[in-house]
Amino acid sequence: MCNVCGCSGEENLPAEPEEQHSATFAAHVHEPIMQDHDRHADRNRQTFSDSGVLVVNLMSSPGAGKTSLIEATIRELGARFRIGVIEGDLETENDAARIRRLDVQAEQITTGIACHLDAHMVGHVLPRFDLEALDLLFIEDVGNLICPACFDLGQHANVVLLSVPEGIDKPEKYPVMFRAADLIVLSKIDYLPHAPEFTVAGATASAHRIGVRADTVALSARSGLGLDNWVAWLEQALTHGLADRRNRTKLST
């Protein structure tokens with residue numbers, strides 16, 4: 001993975017007795033770093049809330065369909081809600097370019113060696129947006145089922161995608177990610193005829209076995225099947241957010 005969050009190399013291996021002092025020192029160094037990160041996340045969240053924009057963080061393994069879901073959402077909601085996107089990848093602006101073709105502002109964060117976005121990175125690109133002119137901001141995190149769940153970006157909601165080709169047991173294999181979800185999206189359900197071992201009930205049961213109680217929607221961004229349930233979930237969140245924004249505007253005049 002990366003050397004930024006300490007998820008690579010020997011840092012994660014149990015320390016031998018003679019290494020206990022070094023491990024204790026590393027823990028003392030790591031704690032203030034994370035406290036600083038959390039302060040940045042809180043600052044981002046306050047900025048989002050003050051601007052009245054709903055921020056949704058999309059997380060999944062690579063290729064689960066995050067960008068395709070954003071594209072489909074823009075086509076469904078773009079005429080009624082103002083949408084912006086932050087894209088996270090190690091390299092290239094490929095995903096941001098796809099979003100821009102739909103006349104939506106997309107800012108790319110290329111992390112280099114880091115396997116996740118963090119609050120500092122997100123905060124760095126926020127000045128490029130007129131946040132008060134947005135209703136909905138998507139953050140598409142780096143494709144990874146481990147580290148992104150551990151880093152608060154200041155978002156209001158986490159959405160975790162699980163695609164049909166990945167198999168139904170990913171929640172049990174990667175519990176931290178799925179426990180962080182406010183909504184689980186079972187994506188690429190147009191593949192179901194080709195993956196008889198995958199069922200919506202089976203994937204949902206896998207999440208329930210690790211204590212996840214988040215709602216689940218099953219959809220295909222390509223065909224549009226099931227997309228209405230995703231749109232309804234977003235609309236409910238957006239309506240609440242817009243009401244809050246109108247109240248703040250009224251109180252300030």
Side-chain angles (χ1 to χ4, degrees), residues 1-15 27 30 34 37-38 41 56-70 72 88-90 111 114-118 138-153 155-223 225-227 229-230 232-234 237:
M1 292 300 184
C2 74
N3 292 317
V4 175
C5 65
C7 63
S8 69
E10 298 180 353
E11 294 92 334
N12 291 332
L13 296 177
H30 184 68
M34 290 306 297
H37 175 271
D38 290 344
V56 177
N57 185 29
L58 297 179
M59 300 183 289
S60 76
S61 63
K66 298 186 296 297
T67 310
S68 294
L69 181 59
I70 294 173
D89 276 304
L90 269 70
T111 64
C115 60
H116 57 83
L117 296 179
D118 64 33
F138 284 116
I139 301 175
E140 180 179 337
D141 215 320
V142 178
N144 180 349
L145 278 177
I146 305 171
C147 302
C150 302
F151 286 81
D152 183 7
L153 307 178
Q155 70 274 12
H156 298 115
N158 285 324
V159 174
V160 178
L161 279 69
L162 169 61
S163 66
V164 169
E166 293 176 79
I168 64 173
D169 61 348
K170 288 300 181 291
E172 292 165 274
K173 289 184 174 182
Y174 301 94
V176 174
M177 173 66 72
F178 287 89
R179 285 174 181 149
D182 297 292
L183 180 74
I184 295 175
V185 172
L186 303 180
S187 61
K188 301 189 178 183
I189 61 170
D190 46 320
Y191 281 84
L192 283 173
H194 310 289
E197 69 282 358
F198 190 106
T199 64
V200 171
T204 303
S206 177
H208 288 172
R209 280 193 288 272
I210 61 167
V212 174
R213 292 296 177 263
D215 289 337
T216 299
V217 298
L219 58 80
S220 167
R222 176 183 295 177
S223 71
L225 182 64
L227 197 63
N229 293 322
W230 160 247
W233 185 86
L234 279 175

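Residue numbers run from 1 in the order of the sequence given.
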Report, one line per pair, each donor and acceptor closer than 3.5 Å where one atom sits in a side chain of residues 175-185; sequence neighbours left out.
residue : atom : partner : partner atom : Å
R179    : NE   : I210    : O            : 2.9
R179    : NH2  : I210    : O            : 3.3
D182    : OD2  : N158    : N            : 2.7

Which pairs of donor and acceptor atoms, one on a side chain in residues 188-196, lie under 3.5 Å apart (sequence neighbours left out)?
residue : atom : partner : partner atom : Å
K188    : NZ   : G63     : O            : 2.5
D190    : OD1  : S220    : OG           : 3.1

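Side-chain atoms of V56 and Q155, non-hydrogen and from C-beta on, never get closer than 4.5 Å to each other. Using a 4.5 Å cut-off on side-chain heavy atoms (C-beta onward), D141 and N57 make contact. L219 places none of its side-chain heavy atoms less than 4.5 Å from the side chain of L225. For the pair L161 and L69, the minimum side-chain heavy-atom distance is below 4.5 Å. With a 4.5 Å cut-off on side-chain heavy atoms, V217 and L186 do not count as touching. Within the 4.5 Å cutoff, the side chain of E140 has heavy atoms near those of the T67 side chain.
The side-chain contact (heavy atoms from CB on, under 4.5 Å) search around S206 returns P171, E172, R209, not counting sequence neighbours. For S61, the side-chain hydrogen bond (donor to acceptor under 3.5 Å, both in side chains) criterion is met by E166, not counting sequence neighbours. Residues forming a salt bridge (charged side-chain N to carboxylate O under 4.0 Å, His left out) with D152 (at least two apart in sequence, or on another chain): R45. With sequence neighbours excluded, no residue satisfies side-chain hydrogen bond (donor to acceptor under 3.5 Å, both in side chains) with W233. For L90, the side-chain contact (heavy atoms from CB on, under 4.5 Å) criterion is met by T111, V142, not counting sequence neighbours. Residues that satisfy the side-chain contact (heavy atoms from CB on, under 4.5 Å) test with A72, not counting sequence neighbours, are A221, L227.
A distance of 6.5 Å separates CG of L145 from OG of S60, quoted to the nearest 0.5 Å.
Within the structure, salt bridge (charged side-chain N to carboxylate O under 4.0 Å, His left out) pairs that include any residue of residues 196-208 do not occur (at least two apart or interchain). Legend: salt bridge (charged side-chain N to carboxylate O under 4.0 Å, His left out) pairs involving residues 60-69, not counting sequence neighbours: none detected.
Considering every non-hydrogen atom in both G202 and T199, the closest pair reads N-OG1, 2.8 Å. Here the shortest heavy-atom pairing between C147 and C115 reads SG-SG, 3.5 Å. The two residues A203 and F198 come nearest to each other via the heavy atoms CB-CZ, 3.8 Å.
The aromatic rings of F151 and H37 lie perpendicular to each other, with more than 60° between the two planes, well past the 30° mark.
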| request: For side-chain contact (heavy atoms from CB on, under 4.5 Å), just list the numbers for R213 and H208, CA-CA rounded to whole Å, side-chain angles, deciding distance to a tenth of an Å, and then say yes or no. | output: CA-CA 6 Å; R213 292 296 177 263; H208 288 172; 3.7 Å; yes
